[in-house]
A.B. asks: 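I'd like to ask some things about the structure below.
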Amino acid sequence: MENKQHHSPAYRALLQAGPRLKPLQQVHAHLIVSGSGRIRSLLTKLLSLACAVSITYTRRLFFAIPIPDSFLFNTVVVKTSKLGFSIDSLLFYRRMILSDIAPSNYTLTAVIKSCADLSALKLGRVIHGHVLSSGYDLDLHVQAALVSFYAKAGDLGVARKIFDKMPERTVVAWNSIISAYEQNGFAKEAIGLFYLMRDSGVQPDSATCVIVLAACAQLGDIGLGRWVHEYVAGQDFDVNVVQLGTSLINMYARCGHVGKAREVFDSMRESNVVAWTAMISGYGMHGSGTQAVELFYQMRAHGLWPNKITFVAVLSACAHAGLVHEGRLVFASMKQEYGLVPGVEHHVCMVDMFGRAGLLKEAYQFIKEVIREKPSPAVWTAMLGACKMHKNFDLGVEVAEHLLSIEPENPGHYVMLSNIYALAGRMDRVEMVRNMMIRKSLKKEVGYSTVEVDQRTYLFSMGDKSNPETNEIYQYLDELMSRCREAGYVPESESVMHELEEEEREHALRYHSEKLAIAFGLLKTSDAVVIRIVKNLRMCEDCHSAIKFISIVANREIIVRDRLRFHDFKDGSCSCLDYW
DNA sequence: GTAGGGTTAG
């Protein structure tokens, strides 16, 4: 309040206009008429407000200024970067350099962020050069920006090196490096760094909580997730409560506790599309399509407008629950009622939905008729999944071969094609595909599973022997599997399950990470405890079938989250009804 | 007259 009184009338007029085009233009006109159109402080404020309104107006305004000074350049670079106009911010930066104006630490942090948003590794490295030559490499803001830039552009190693050299580690510095690991799929390492941060006496802030909750969600670490929830409740994070709430919803849903996620959702005093989408997607993952659709329709009554991601969440929920009719209606409403143009991701959902429901013709028709432009590989991949699920070998082989011709470097397609050949009994072809993969030296992602025992999360990977009780676990697993065989379990043939590496083949089937995690969970918990597993990849046919039998012989409920959804195994059957 | 880290899908 007291500051505002020192401002000139013209400045106050700008503040009053705020980030709105018409009022801003009026004030601008007035500035010119009254002769104060060249006062730098007014121009700067005008420019910073304009950035939030229209990038075209910003450009016009900026280029009308005869000789922009360093501060004006800073403002326009910083603001455009912050608002997500990354390319514009880089263009302004280039103009700044060409005008022989030295970038400041403010400019540099902004352009580094723009490069991060664009994942522009090469350009970012050039800017890093500017940082070094200008001496701003000692600036904390610049360093933190560089850490997250390298993480997002795909060079986690350099990100870590910069972090390690930081003389002072603020919360933001820690948040940058923790998020770097989380975003690159190293949730375990992210959590390890979080503990280091606390040991070094730095208090987590609300951003830390959001990042750590994402890591918990990735790993299924409900123990730490609950701890963060309690921590958040005890703090006074009054800003960004929606974002924190959304992170909690996501964490609980991905850790298998949809009910708890819903509790958080219902308790939120304010919410937005993102929070609703997170809840809808949580239902979808659990196969609760009806609740997902219901929530989607309720959004309107709350004055919220679904976005493209919301539609992906609803449609994929319909696909996983077999709600074909509802899915069709939702898809139609996307264009008609919400004016959104369906993208590849929505087409994938639709093909997936028809395919899972066994409507292969509809799926194929959808690709041919509804998708106008050339169907993307992702759409064909969904079609291929449907062919495999419903054992349509002829169409499956055709689709797989087409996919290989357009995406010859994607190992997933080879695995799928070879599995289809195997199901069709064409072993000669299986071998051929396998050899093609070896020739191209394509590798699959390494799989891992986690299991929670006594509030602690344990991680297993295929053939893993790092656990101190490895021998007991393997022995117990062998015992378990022989009891399953007595109960009627037949292992899938090795060729169906073929793995890429010889080393992996040795352990194939028998020691997939989810089986190890389940064996450990059964050994370590008492009879009534539900076993909860989180796997980073999709489950294979053999494990799916084996776990059904394990749920009988061990008389236990086992819940597995794979890359796509939850499987609730009870008394020999699974909640996904064998479609996943 | 201006900064760095953070939410929803596949």
Side-chain angles (χ1 to χ4, degrees), chain A residues 7 11 14-15 39-49 51 69-79 81-82 104-113 116 136 139-149 151-152 163 166 170-180 182-183 204-215 217 237 239-251 253-254 271-282 284-285 306-317 319 343-349 352 378-379 381-382 563-565:
Chain A
H7 290 314
Y11 188 80
L14 276 173
L15 282 183
I39 298 174
R40 292 281 141 155
S41 62
L42 292 177
L43 268 177
T44 313
K45 187 67 194 175
L46 175 61
L47 199 61
S48 88
L49 287 167
C51 292
D69 61 11
S70 165
F71 221 111
L72 274 166
F73 266 114
N74 276 340
T75 302
V76 81
V77 171
V78 166
K79 281 282 175 182
S81 158
K82 187 161 191 150
S104 73
N105 42 352
Y106 283 76
T107 338
L108 290 167
T109 48
V111 280
I112 293 165
K113 182 182 156 14
Y136 283 120
D139 183 284
L140 289 178
H141 292 257
V142 173
Q143 289 170 335
L146 280 171
V147 168
S148 73
F149 156 71
K152 284 191 183 125
F163 173 80
M166 288 178 80
T170 59
V171 204
V172 179
W174 280 105
N175 290 347
S176 308
I177 195 70
I178 296 172
S179 170
E182 191 277 323
Q183 284 175 349
D205 67 2
S206 69
T208 320
C209 293
V210 168
I211 301 162
V212 172
L213 284 170
F237 296 145
V239 280
N240 304 323
V241 277
V242 181
Q243 205 172 349
L244 270 168
T246 306
S247 303
L248 284 168
I249 292 171
N250 187 45
M251 182 277 292
R254 295 188 106 94
S271 67
N272 60 18
V273 206
V274 183
W276 281 67
T277 304
M279 192 64 239
I280 290 172
S281 136
M285 273 187 296
N307 63 24
K308 290 191 166 203
I309 300 175
T310 316
F311 277 97
V312 174
V314 191
L315 292 174
S316 94
V344 177
E345 57 275 42
H346 306 102
H347 293 147
V348 170
C349 290
D352 194 37
V379 170
T381 307
R563 174 167 275 190
L564 288 182
R565 59 165 294 155

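Numbers restart at 1 for each chain; the letters A, B, ... are given by sequence-line order, proteins then strands.
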A.B. asks: At 4.0 Å (heavy atoms only), tell me whether A:T170 reaches a base, stays on the sugar-phosphate, or touches nothing.
C.D. replies: base
A.B. asks: Assign A:I211 to base, sugar-phosphate, or nothing according to its heavy-atom contacts below 4.0 angstrom with the strands shown.
C.D. replies: sugar-phosphate
A.B. asks: For the side chain of A:D69, counting heavy atoms from C-beta on, which of B:dG10, B:dG6, B:dG1 is nearest?
C.D. replies: B:dG1
A.B. asks: Starting from the C-alpha separation in whole Å, work towards a yes-or-no answer on side chain to side chain contact (heavy atoms under 4.5 Å, CB included) for A:V76 and A:C51.
C.D. replies: CA-CA 7 Å; A:V76 81; A:C51 292; 4.2 Å; yes
A.B. asks: Which is true for A:S206 with a 4.0 Å heavy-atom rule: it touches a base, it touches only sugar-phosphate, or it touches nothing?
C.D. replies: base
A.B. asks: May I ask you to verify if any side-chain N or O of A:K152 is less than 4.0 angstrom from the OP1 or OP2 atom of B:dG6?
C.D. replies: yes
A.B. asks: For A:K113, report the nucleic acid contact type (base, sugar-phosphate, nothing); a contact means any heavy atom under 4.0 Å.
C.D. replies: sugar-phosphate
A.B. asks: Would you indicate which nucleotide in B:dG4, B:dT7, B:dG1 comes nearest to any side-chain atom of A:T44?
C.D. replies: B:dG1
A.B. asks: How is A:S281 classified with respect to the nucleic acid when contacts are heavy atoms under 4.0 Å: base, sugar-phosphate, or nothing?
C.D. replies: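 Sugar-phosphate, backbone atoms only, no base.
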A.B. asks: For B:dG4, take OP1 and OP2 only and decide whether either is under 4.0 Å from a side-chain N or O of A:K82.
C.D. replies: yes
A.B. asks: Side chain of A:T109, heavy atoms from C-beta onward: which of B:dT7, B:dA9, B:dA3 has the nearest atom to it?
C.D. replies: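 Between B:dT7, B:dA9, B:dA3, the one nearest the side chain of A:T109 would be B:dA3.
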A.B. asks: So, A:T277 versus A:T310: side-chain donor-acceptor pair below 3.5 Å or not?
C.D. replies: yes
A.B. asks: Would you indicate what A:L140 reaches in the nucleic acid, counting non-hydrogen atoms under 4.0 angstrom: base, sugar-phosphate, or nothing?
C.D. replies: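 Since a base atom lies under 4.0 Å of A:L140, the category is base.
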A.B. asks: Out of B:dT8, B:dT7, B:dA3, which has the shortest distance to the side chain of A:Q243?
C.D. replies: B:dT7
A.B. asks: Considering only side-chain heavy atoms of A:S179, which listed nucleotide, B:dG1, B:dG6, B:dG4, is closest?
C.D. replies: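 Closest nucleotide to the A:S179 side chain: B:dG6.
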A.B. asks: Would one find a side-chain N or O of A:R565 under 4.0 angstrom from OP1 or OP2 of B:dA9?
C.D. replies: no
A.B. asks: Please tell me if the side chains of A:H141 and A:N105 come closer than 4.5 Å, counting only heavy atoms from C-beta onward.
C.D. replies: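 Result no, sub-4.5 Å side-chain heavy-atom pair not found.
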A.B. asks: Kindly write out the residues that satisfy salt bridge (charged side-chain N to carboxylate O under 4.0 Å, His left out) with A:K113, not counting sequence neighbours, or none if the list is empty.
C.D. replies: A:D117
A.B. asks: Does any part of the side chain of A:Q243, heavy atoms only, come nearer than 4.5 Å to the side chain of A:T246, both counted from C-beta?
C.D. replies: no
A.B. asks: When all nucleic acid strands are considered with a 4.0 Å heavy-atom cut-off, which category describes A:Q183: base, sugar-phosphate, or nothing?
C.D. replies: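 The residue A:Q183 makes sugar-phosphate contact but no base contact.
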A.B. asks: At under 4.0 Å between heavy atoms, what does A:N250 touch on the DNA or RNA strands: base, sugar-phosphate, or nothing?
C.D. replies: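 The residue A:N250 makes sugar-phosphate contact but no base contact.
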A.B. asks: Base, sugar-phosphate or nothing for A:Y11? Non-hydrogen atoms, less than 4.0 Å.
C.D. replies: sugar-phosphate
A.B. asks: Go through B:dG6, B:dG1, B:dT8 for me and flag the one nearest to the A:N307 side chain.
C.D. replies: B:dT8
